[in-house]
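What follows is a set of notes on a single structure, which appears directly below.
Heavy-atom basis, side chains included; hydrogens, waters and symmetry copies ignored.
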Amino acid sequence: MKVSVLGLGQMGTAIAERLIDAGHSVSVWNRSAGKAADLVQRGATEITSVHDAWEADICITMLADSAALSEVALGKGGLAVADSGWGKFLIDMSTVSPQSSSEVANAAAANGIKYLRAPVSGNPGVVRAGNLTVVVSGDQTDCVAMEPLLRDIGPHVFRAGDGESARVVKLALNLMIAGTAQLLAESLALAEAHDVDRAKMLQIVAASAVGSPFVKYKTGPLLADDYTSTFSTRLMRKDLDLILGAAAASGVPLPVTANVQQLLQACVSTGLGDLDFMSLLIRLKREAGQSV
């Protein structure tokens with residue numbers, strides 16, 4: 001298939017790599033220049049404008065936030081307002097608000113574009129390892145038609161339902177990931193305050209009832225005190241803002257999530273925003289007077 005990938009951050013780049021390796025004809029675009037070179041080396045074609053993306057049959061967007069999606073999809077020459085997209089597929093894999101996604105859906109429908117919401121759960125390493133989870137919502141026929149392509153990106157594809165349901169599922173997943181990160185940070189800080197070795201603590205956690213793929217993914221970096229971002233503290237704080245907004249709109253209280261959002265904001269405010277969101281441990285150890 002001819003596929004355009006728009007947004008070449010860490011996740012967008014990994015998604016484009018998967019599509020190239022699966023044998024698709026891939027075009028790539030990014031709002032800021034200089035991110036396409038490695039993909040071009042792998043066989044992708046760089047395009048210079050959003051308008052050119054509709055030379056493909058399918059456009060996939062993986063963007064930083066709701067504002068970026070609105071700019072790329074609804075701005076002048078945007079994907080969802082282009083006549084050249086008639087009858088083609090726009091698949092957005094970003095983590096954005098249900099409201100902003102709905103605005104894109106309305107514009108796409110008015111221009112004959114088939115729009116799927118397909119946010120993902122996983123980091124770039126998970127994408128490259130072929131373990132990504134994709135949650136998709138939209139017209140059932142369209143979801144079925146695009147399932148083989150989505151499985152080329154990640155093998156675990158779940159249809160959540162119609163409309164914006166995939167957005168809500170993704171936000172609910174990130175709620176749990178952020179909360180788990182804070183609890184893992186607290187468990188390590190407590191154990192280390194009592195001279196329990198971090199490696200031993202992580203080994204025991206992994207083998208316990210609370211062991212999970214998340215703990216497994218984070219064990220290596222935590223043992224190395226490596227906070228290189230796979231998903232930044234700033235972006236996780238943004239996601240929790242979206243989660244709390246969606247909760248407020250539906251009258252659902254999320255007290256634990258609200259606390260974690262404040263803790264992430266404290267990390268951002270103290271210069272940790274560009275580190276991995278496990279910077280929650282750095283903040284906690286600082287407050288406990290422990291060496292970092």
Side-chain angles (χ1 to χ4, degrees), residues 1-30 35 38-39 42-44 53 56-65 69 89-96 101 114-162 164-178 180 212-218 220 229-232 235-236 239 242 276-277:
M1 293 182 179
K2 291 184 177 180
V3 186
S4 292
V5 178
L6 295 90
L8 301 179
Q10 293 186 73
M11 288 296 287
T13 295
I15 286 168
E17 290 172 0
R18 291 281 298 179
L19 291 169
I20 293 167
D21 291 346
H24 297 283
S25 176
V26 178
S27 300
V28 295
W29 175 88
N30 195 64
K35 291 196 172 183
D38 289 344
L39 292 169
R42 295 175 72 113
D57 303 309
I58 302 157
C59 287
I60 293 175
T61 47
M62 174 55 88
L63 302 163
D65 51 32
L69 176 61
F89 284 87
L90 172 58
I91 303 174
D92 180 63
M93 306 189 84
S94 318
T95 301
V96 298
S101 180
K114 300 172 183 179
Y115 178 60
L116 296 181
R117 304 82 165 160
V120 302
S121 181
N123 60 38
V126 173
V127 180
R128 293 186 172 100
N131 290 324
L132 189 70
T133 296
V134 183
V135 184
V136 60
S137 63
D139 178 83
Q140 183 172 4
T141 300
D142 294 342
C143 290
V144 170
M146 288 295 101
E147 184 171 336
L149 178 75
L150 294 174
R151 289 193 183 278
D152 284 339
I153 297 170
H156 311 297
V157 178
F158 298 92
R159 183 171 182 264
D162 299 319
E164 304 304 326
S165 55
R167 303 296 190 190
V168 178
V169 170
K170 174 57 193 294
L171 295 179
L173 290 174
N174 271 21
L175 173 162
M176 296 181 70
I177 291 170
T180 301
S212 67
F214 176 78
V215 174
K216 179 182 177 181
Y217 297 148
K218 292 302 181 186
S229 176
T230 57
F231 190 71
S232 74
L235 286 177
M236 183 60 85
D239 283 3
L242 295 178
D276 190 83
F277 64 94

#### Entry: Contact check, side chains of Met146 and Ile58, non-hydrogen atoms, under 4.5 Å
yes
### Query
Ser121 and Leu173: which non-hydrogen atoms are nearest, and at how many Å?
CB-CD1, 4.0 Å
### Task
Taking the side chain as every heavy atom from C-beta outward, state whether Leu63 and Val96 have any pair of such atoms under 4.5 Å apart.
no
### Query
Heavy-atom distance under 4.5 Å between the side chains of Val26 and Glu17, does that happen here?
no
### Query
Distance from Thr13 atom OG1 to Arg42 atom CZ, nearest 0.5 Å?
10.0 Å
### Task
Give a yes or no on whether Asp162 atom CG has more than 12 heavy-atom contacts from other residues, nucleotides or ligands under 6.0 Å away.
yes
### Message
If we check side chain to side chain contact (heavy atoms under 4.5 Å, CB included) with Thr61, which of these qualifies: Leu90, Ile91, Val5?
### Response
Leu90
### Message
Can you confirm whether Leu171 sits close enough to Asn174 that some side-chain heavy atom of one is under 4.5 Å from a side-chain heavy atom of the other?
### Response
no
### Query
Can you list every pair that meets side-chain hydrogen bond (donor to acceptor under 3.5 Å, both in side chains) and has a residue in residues 142-158, with sequence neighbours left out?
His24-Asp152, Glu147-Arg151
### Query
Taking side chain as C-beta onward, heavy atoms only, is Val136 less than 4.5 Å from Val157?
yes
### Task
Could you check if a side-chain atom of Leu116 sits within less than 4.5 angstrom of a side-chain atom of Cys143, using non-hydrogen atoms only?
yes
### Query
So do the side chains of Val126 and Thr133 get within less than 4.5 Å of each other, counting heavy atoms only?
no
### Query
Between the main-chain N or O of Ser4 and the side-chain N or O of Ser27, is there a donor-acceptor pair closer than 3.5 Å?
no
### Query
Are the charged groups of Asp92 and Arg167 less than 4.0 angstrom apart, N to O?
yes
### Message
Has Ser94 got a side-chain atom pairing as donor or acceptor with Ala64's backbone, closer than 3.5 angstrom?
### Response
no
### Query
Rounded to the nearest 0.5 Å, how far apart are CZ of Phe214 and CD1 of Ile177?
7.0 Å
### Summary
When every non-hydrogen atom of Met11 is compared with those of Val120, the smallest separation belongs to CE-CG2, 3.6 Å
### Query
Taking it one step at a time, do Phe231 and Asp239 satisfy side chain to side chain contact (heavy atoms under 4.5 Å, CB included)?
CA-CA 11 Å; Phe231 190 71; Asp239 283 3; 3.4 Å; yes
### Query
Minimum heavy-atom separation for Ala14 to Pro124, with atom names?
CB-O, 4.1 Å
### Summary
Rounding to 0.5 Å, atoms OH (Tyr115) and CG (Asp139) come to a distance of 14.0 Å
### Check: Ser25 side chain, Lys2 main-chain N or O, donor-acceptor pair, under 3.5 Å
no
### Message
Please tell me whether Ser212 and Tyr217 have a donor and an acceptor in their side chains that are separated by less than 3.5 angstrom.
### Response
no
### Query
Out of curiosity, Thr95 OG1 to Arg117 CZ, how far, rounded to the nearest 0.5 Å?
15.0 Å
### Summary
Looking only at heavy atoms, the pair that brings Ile60 and Leu19 closest together is CD1-CD1, 3.9 Å
### Query
Quick one: are Leu150 and Met93 in side-chain contact, heavy atoms under 4.5 Å?
yes
### Message
For the CD atom of Gln10 and the CD1 atom of Ile15, what is their distance to the nearest 0.5 Å?
### Response
12.0 Å
### Query
Is the side chain of Lys35 donor-acceptor paired with the backbone N or O of Asn30 at a distance under 3.5 Å, no angle test?
no
### Query
Would a distance-only check, ignoring hydrogens and angles, find a side-chain to backbone donor-acceptor pair under 3.5 Å from Asp276 to Ser232?
no
### Message
To the closest 0.5 Å, what do you measure between OG (Ser137) and CZ (Phe158)?
### Response
14.5 Å
